[in-house]
Amino acid sequence: MSYDHQAIESKWQDLWEKEKVFEVSEDDSKPKFYNVAMYPYPSGELHVGHIRNYTYIDLITRYKMMQGFNVLCPMGWDSFGLPAENAAIDQGLHPRESVPGQIERMKAHFRRLGVGFDWTRELASHDPAYYRWDQWIFLELYKRGLAYKAEAAVNWCPKDQTVLANEQVVGDDVCERCGTPVEKKMLSQWQFRITQYADRLLDSIDNLDHWPDRVRTMQRNWIGRSAGATFTIQVDGGGTFDVFTTRPDTSFGMTFCVLAPEHPLVEELIGGMENEAESRDYIAAAGRASEIERMAEGDKTGVFTGRYAINPVNDARVPIYIAEYVLMGYGTGAIMAVPGQDQRDWDFATKYGIEIIRTVQPEEGFGGEAYLGDGPTINSDFLNDLLQEEAKTKIIDWFVKQGIGEAAIQYRLRDWLISRQRYWGAPIPMVNCSNCGLVPVPENQLPVILPDVENYLPKGKSPLAMVDDFVNTECPECDGPAQRETDTMDTFMGSSWYFLRYTDAHNEDVIFDPEKAKYWMPLDQYIGGVEHAILHLLYARFITMFLYDIGLSPVEEPFERMFTQGMLVKDGAKMSKSKGNVVSPDHYYDAYGADALRLFELFVGPPKDDAVWNDAGAPGTKRFLDRFWKQSVDEHEFSDRVADDRDREILGVAHRTVRKVTDDIDRFHFNTTVPALMTLSNELQSYLGDEPLKEIFDEIIEKMLLMLSPMAPHLAHELWEMKGHDSMLAHEPWPTWDEDLAREETATMIVQVNGKVRDRIEVSADIEESEAKAVAMASEKIQGWLDDAEVKRVIVRPPKLVNIVIE
RNA sequence: GCCGGAGUGACGGAAUUGGCAGACGUGCAGCACUCAAAAUGCUGUGUCCUCAGUGGCGUGUGGGUUCGAGUCCCACCUCCGGCACCA
């Protein structure tokens, strides 16, 4: 026996839409709940791995609605940028053609799954009405010196033919989108000064109490704050350079200095020196090698410049080297090398025969090379005998007094490279004028519309550069001829503030009404993949903080509660189109229905963990729904006897189930809610064999329907209606439980002898300690085990356990 | 190398605080219904041992704390994720 899931599901999908069940506006009479799943790029397809995510978000929407919250759950499309453009290339289409159709197909998927979104707030990042505000934010950043164009060594993806932000280079230095190893290039690019927010972004992580620890840790590590000092070193024969160190206390141990190959002073230092040619070869090779090739070398390599530096603390004359292991992009691009306390410097010094001076006394029995631990300072004049922290303070004071240095903090975080040499993105709203230089496009000329370019394929330079009508324009300042910027913005720009736009999605005058944002923000729940732990989640925090600073966002931190769900695994790999192991839901909709699929998605495993997809899972949950359907609609024979312990017992099971399901949902343990409902259904089946009472049975079925409503909403709504209710189930209050009824009257007390279970006795749940002990000791089985051994101790934990310790 | 997370039946997993290990589902086996099959229902299903008990063993490995450990502590192994010449 099987209920007609196809008919029921489309019926209720129509009704929810017609009655605008999920369309909401600001309403001060109810507490608000703002619930968002990361907006997807419109691939056109949803596989069962994606559906897991939307099953969770919809469960929360419906659950919170039933709890009386004014719930906003909107949906939109990350339809600009590399993912959407690459998908169009794969299909041999123009993104302008492919994107709208794919959005429609995904909406059909969401409808078929029965997800309740407020579609009146739908937005798409390729819509000029949306991206004009990307451009507007760019200009606001520019006004405040937070957007700038500068020549820098950048990451280049040779397949996607564009530069990438540091955050988009993942794993073994490969492109986050296509997995191609990235190359280094020197290019002039637009960047956002996210590093200016490094401290705030870091400190504020401490307050994100409802974020997963691993995401918080990843962001902390990514920002990577180190405290130390910078100071200036004189070159013997003229010139100076600055170094950054976290160990200024070891300055007396500096036996050489190293400059990065790209360091600006290098040219001046090597000129005319004996080994100039050798140096130039080294620098050229370093420029060519990718990061991976550099690392693969293993050994540290370098070249002596022929010049010497003067250690300011003791006037020692030490050699200056050029070496790849010093990076131009971190600190000052130059270091004081202290081989005694730094293993990299030790390796280098050993290889090139440079002197090693220890300035920290290693522990007794230390057999290693560089000593990184704490200990009394040695060989260091006025720092001698001090421990690390005191020595640091004293030497920094000394630098300040000498006027050569100061305490300093460095971050691993780099500025956010925002330019992309690709077509499908928001044009950067800047103009180059030969008279006025870089000029921002005035706000009233926004949006700078992306021109329609037929041959949009990546060429290594922005395709917009070939569109003369677009490039050639008037300078907004002097009205002379000028050229537009032709790079487009990183798609992560659009995703950094869309959750603010949802609060006022169609405003044509301002980015959003701060009053509306104030009602809805921050997000009470945000759900997405852990792959965005650093990328999107860091950028979105930065842009929100910026919009807060200019008085627009009502909050500094956008995401009050963050949840990162696990991925689905099939054939030993994470389910993804590129791995070719995706499972389409279509077959499940047809054969078992959206409700059975949703229940299995919940059932499959802990939401935070990866889970293995099992094709036999949805048939299993469908069997449960069929049984429950039959249980609900069949005619049963009811008794007219007086209520007794049996009824009390089944009611107790039902109330405990409500308590458990509520608690499990609150803790995001969705995988245990379904078994709880299955168990209650099984108990109810056995109750039907025990002269059931109609009102008890009906009450429990009703509670089941209320609990199923957020999980298997179509079936639950249909049965709710069949039971004679006029109301829409989604608007009913979440069921409550009665602690008195939920309390178990009897308990199975286990009796152990020396920690091993030897008997189980049914006892009253409120049994006293002395009685529990007496009952346990009186058990025949226990007597047999005790024999005439001496009882040394009895542990009593009524009503669950008595443990008798003998011998 | 550093920082996280995880190891439980044939499989996915359950076990909020240390207190009946294996809920629930899948798979498998047997039975019922059927000419038969599917579907459905019922029963069984950690493992070992003279097929039987009031039995032994059992949550990656080895120790420890405790009356009692999947859960706490120490050491180790394996897998997964992140970072990785960041001075």
Side-chain angles (χ1 to χ4, degrees), chain A residues 1-2 170-173 212-222 224-226 228 243-247 250 258 260 291 294-295 297-298 300 323-327 329-338 341-345 347-348 410-414 530-531 533-534 569 574 599-600 603-606 608-617 619-621 623-624 626-627 630 660 663-664 667 669 671-679 682 748-760 779-785 792-797 800-806:
Chain A
M1 270 309 278
S2 191
V170 299
D172 292 329
D173 282 326
D213 284 339
R214 68 173 163 164
V215 175
R216 300 204 300 173
T217 303
M218 282 164 76
Q219 290 214 355
R220 282 196 190 98
N221 292 342
W222 188 260
R225 182 184 147 119
S226 328
V243 295
F244 170 75
T245 176
T246 54
R247 292 296 303 276
T250 65
V258 186
E291 296 264 329
R294 286 170 145 196
M295 303 274 291
E297 301 268 324
K300 298 200 177 359
E324 285 176 326
Y325 84 92
V326 171
L327 309 173
Y330 184 79
T332 60
I335 62 162
M336 70 160 188
V338 185
Q341 271 75 233
D342 184 292
Q343 189 60 42
R344 292 158 306 189
D345 297 346
D347 294 343
F348 194 87
Q410 283 293 330
Y411 300 92
R412 219 192 71 102
L413 182 70
R414 308 292 161 78
V530 74
E531 68 274 16
I534 300 173
V569 172
K574 299 197 169 166
L599 281 195
F600 182 64
F603 193 80
V604 68
K608 69 177 164 49
D609 295 342
D610 288 346
V612 178
W613 181 256
N614 173 5
D615 290 322
T621 48
R623 268 196 279 279
F624 162 64
D626 281 335
R627 273 198 303 269
K630 199 167 173 319
K660 179 177 173 52
D663 197 33
D664 283 350
R667 293 188 302 144
H669 286 209
N671 54 318
T672 49
T673 59
V674 182
L677 294 173
M678 288 173 166
T679 305
N682 293 343
T748 305
M749 183 171 79
I750 58 165
V751 186
Q752 301 178 325
V753 177
N754 283 350
K756 291 197 189 296
V757 180
R758 298 302 185 193
D759 197 8
R760 296 178 172 84
S779 153
E780 267 181 51
K781 288 184 184 174
I782 295 304
Q783 283 301 320
W785 281 98
K792 288 173 68 178
R793 200 176 154 189
V794 180
I795 290 101
V796 187
R797 294 283 179 276
K800 294 191 119 176
L801 168 132
V802 174
N803 186 13
I804 300 159
V805 186
I806 57 176

Next item on the list: Side chain of A:Thr246 only, please: which of B:A87, B:U54, B:A21 is the nearest?
Entry: B:A87
Notebook entry, point to check: Taking NZ, NE, NH1 and NH2 as the nitrogens, is one of them in A:Asp213 or A:Arg216 under 4.0 Å from a carboxylate oxygen of the other?
Noted result: yes
Note to self: If you only use heavy atoms from C-beta on, which nucleotide in B:G55, B:G19, B:A87 is closest to the side chain of A:Leu327?
What the structure shows: B:A87
Item checked: Side-chain N or O of A:Arg758 closer than 4.0 Å to phosphate OP1/OP2 of B:G55 -> yes
Would you be so kind as to tabulate the donor-acceptor pairs closer than 3.5 Å made by side chains of residues 748-757 of chain A, with sequence neighbours excluded?
unit_1, atom_1, unit_2, atom_2, d
A:Thr748, OG1, A:Glu762, OE2, 2.6
A:Asn754, OD1, A:Ile806, N, 2.9

Note to self: If you compare all heavy atoms of A:Ser226 against all heavy atoms of A:Thr246, which two are closest, and at what distance to 0.1 Å?
What the structure shows: CB-CG2, 3.7 Å
Notebook entry, point to check: What integer number of Å spans the P atoms of B:A23 and B:U45?
Noted result: 10 Å
Notebook entry, point to check: How far apart are the closest heavy atoms of A:Thr332 and A:Phe244, and which atoms are they?
Noted result: OG1-N, 3.5 Å
Report, one pair per line, the protein and nucleotides 58-60 of chain B atoms (nitrogen or oxygen only) whose separation is under 3.5 Å.
none

Check: Considering only B:A23, B:A87, B:A14, which nucleotide approaches the side chain of A:Asp342 most closely?
Finding: B:A87
Note to self: For the C1' atoms, the ones on B:U40 and on B:C51, what distance do you get once it is rounded to whole angstrom?
What the structure shows: 33 Å
Checklist line | Atom pair CD1/OH of A:Ile335 and A:Tyr330 - distance to nearest 0.5 Å | finding: 12.0 Å
Note to self: In whole Å, I'd like the distance from the CZ atom of A:Arg627 to the P atom of B:G25.
What the structure shows: 7 Å
Notebook entry, point to check: Which pair of non-hydrogen atoms, one from A:Phe348 and one from A:Ala323, has the smallest distance, and what is that distance?
Noted result: CE1-CB, 3.8 Å
Notebook entry, point to check: Taking the P atom of each, how far is B:A15 from B:G7, in whole Å?
Noted result: 12 Å
Notebook entry, point to check: Please give, in whole Å, the distance from B:G13 C1' to A:Phe600 CZ?
Noted result: 10 Å
Check: Under the side chain to side chain contact (heavy atoms under 4.5 Å, CB included) criterion, do A:Glu780 and A:Asp759 qualify, and how do the steps go?
Finding: CA-CA 9 Å; A:Glu780 267 181 51; A:Asp759 197 8; over 6 Å; no
Check: For A:Lys574, which residues count as a side chain to side chain donor-acceptor pair (under 3.5 Å) partner, sequence neighbours excluded?
Finding: A:Asp610
Margin query: Output the rounded distance in Å from CG (A:Asp626) to P (B:U40).
Written below: 8 Å
Item checked: Atom C1', compared across B:A21 and B:G41: separation rounded to whole Å -> 30 Å
Please tabulate the protein-to-nucleotide N/O contacts below 3.5 Å involving nucleotides 26-32 of chain B, giving atom names and distances.
unit_1, atom_1, unit_2, atom_2, d
B:U26, OP1, A:Arg623, NE, 2.9
B:U26, OP1, A:Arg623, NH2, 2.9

Check: Rounded to whole angstrom units, what separation is found between the CE atom of A:Met218 and the P atom of B:G5?
Finding: 13 Å
Item checked: Protein-nucleotide distance (A:Asp213, atom CG; B:C3, atom P), rounded to Å -> 16 Å
Notebook entry, point to check: Under the rule syn = chi within 90° of 0, otherwise anti, which is B:G9?
Noted result: syn
Notebook entry, point to check: Rounded to whole angstrom units, what separation is found between the CZ atom of A:Arg797 and the C1' atom of B:G68?
Noted result: 10 Å
Check: Where does B:C79 land, syn or anti, given syn is within 90° of 0?
Finding: anti
Check: Between atom CD1 in A:Ile534 and atom C1' in B:A84, what is the gap in whole Å?
Finding: 13 Å
Notebook entry, point to check: When rounded to the nearest 0.5 angstrom, what is the spacing between CG in A:Asp663 and NZ in A:Lys660?
Noted result: 7.5 Å
Next item on the list: Please step through side chain to side chain contact (heavy atoms under 4.5 Å, CB included) for the pair A:Thr245 and A:Val338, ending with a clear verdict.
Entry: CA-CA 10 Å; A:Thr245 176; A:Val338 185; over 6 Å; no
Between the protein and nucleotides 15-18 of chain B, list the N/O to N/O atom pairs that are separated by less than 3.5 angstrom.
unit_1, atom_1, unit_2, atom_2, d
B:U16, O2, A:Arg667, NH1, 3.3
B:U16, N3, A:Asp663, OD2, 2.5
B:U16, O4, A:Asp663, OD2, 2.4

Note to self: What contact category does A:Arg414 fall into here, base, sugar-phosphate, or nothing, at under 4.0 angstrom with non-hydrogen atoms?
What the structure shows: base
Margin query: Nearest to the A:Arg760 side chain among B:G55, B:C83, B:C20, which nucleotide is it?
Written below: B:C20
Next item on the list: Grab the two heavy atoms, one from A:Arg247 and one from A:Gln341, that are nearest each other, plus how far apart they are.
Entry: NH2-CG, 4.2 Å
Item checked: A:Val612 side chain, from C-beta outward: closest of B:A87, B:G41, B:G12 -> B:G12
Margin query: Given B:A14, B:G19, B:U54, identify the nucleotide with an atom nearest to the side chain of A:Asn671.
Written below: B:A14
Note to self: For the P atoms, the ones on B:C31 and on B:C80, what distance do you get once it is rounded to whole angstrom?
What the structure shows: 44 Å
Notebook entry, point to check: A:Gln752 or A:Pro606: which one's nearest nucleotide on RNA chain B is closer to the 5' end?
Noted result: A:Pro606
Item checked: Closest to side chain of A:Val805, choosing from B:A84, B:C67, B:A87 -> B:C67
Checklist line | Side chain of A:Ile750 - closest among B:C20, B:A23, B:C3 | finding: B:C20
Checklist line | Inter-nucleotide C1' distance (B:C42, B:U50), Å rounded | finding: 33 Å
Notebook entry, point to check: At their closest point, which heavy atom of A:Gly333 faces which heavy atom of A:Val326, and how far apart are they?
Noted result: O-CG1, 3.5 Å
Next item on the list: State, to 0.1 Å, how close A:Asn671 and A:Gly605 come at their nearest heavy-atom pair, and which atoms those are.
Entry: CB-O, 3.3 Å
Check: For A:Thr217 and B:G82, is the shortest distance between a side-chain N/O and OP1 or OP2 below 4.0 Å?
Finding: no
Note to self: Using atom P in both nucleotides, what's the gap between B:U59 and B:G9 to the nearest angstrom?
What the structure shows: 10 Å
Check: Over how many whole Å does the gap from A:Gln783 atom CD to B:U54 atom C1' extend?
Finding: 13 Å
Margin query: If you apply the rule side chain to side chain contact (heavy atoms under 4.5 Å, CB included), what do you find for A:Phe624 with A:Asn682, and how did you get there?
Written below: CA-CA 10 Å; A:Phe624 162 64; A:Asn682 293 343; over 6 Å; no
Next item on the list: Map every base of RNA chain B to its dot-bracket character, where paired means a Watson-Crick or G-U wobble contact with both distances under 3.5 Å and | marks a partner outside the strand.
Entry: (((((((..(((......[....)))((((((.......))))))((((...).)))..(((((..]....))))))))))))....
Check: Of the nucleotides B:A87, B:C83, B:G4, which one has an atom closest to the side chain of A:Arg412?
Finding: B:C83
Checklist line | Inter-nucleotide C1' distance (B:U71, B:G64), Å rounded | finding: 15 Å
Note to self: On RNA chain B, compare the nucleotides closest to A:Glu780 and A:Val604; which residue's is nearer the 5' end?
What the structure shows: A:Val604
Notebook entry, point to check: In terms of side-chain heavy atoms of A:Asn803, which of B:G19, B:G41, B:G12 is nearest?
Noted result: B:G19
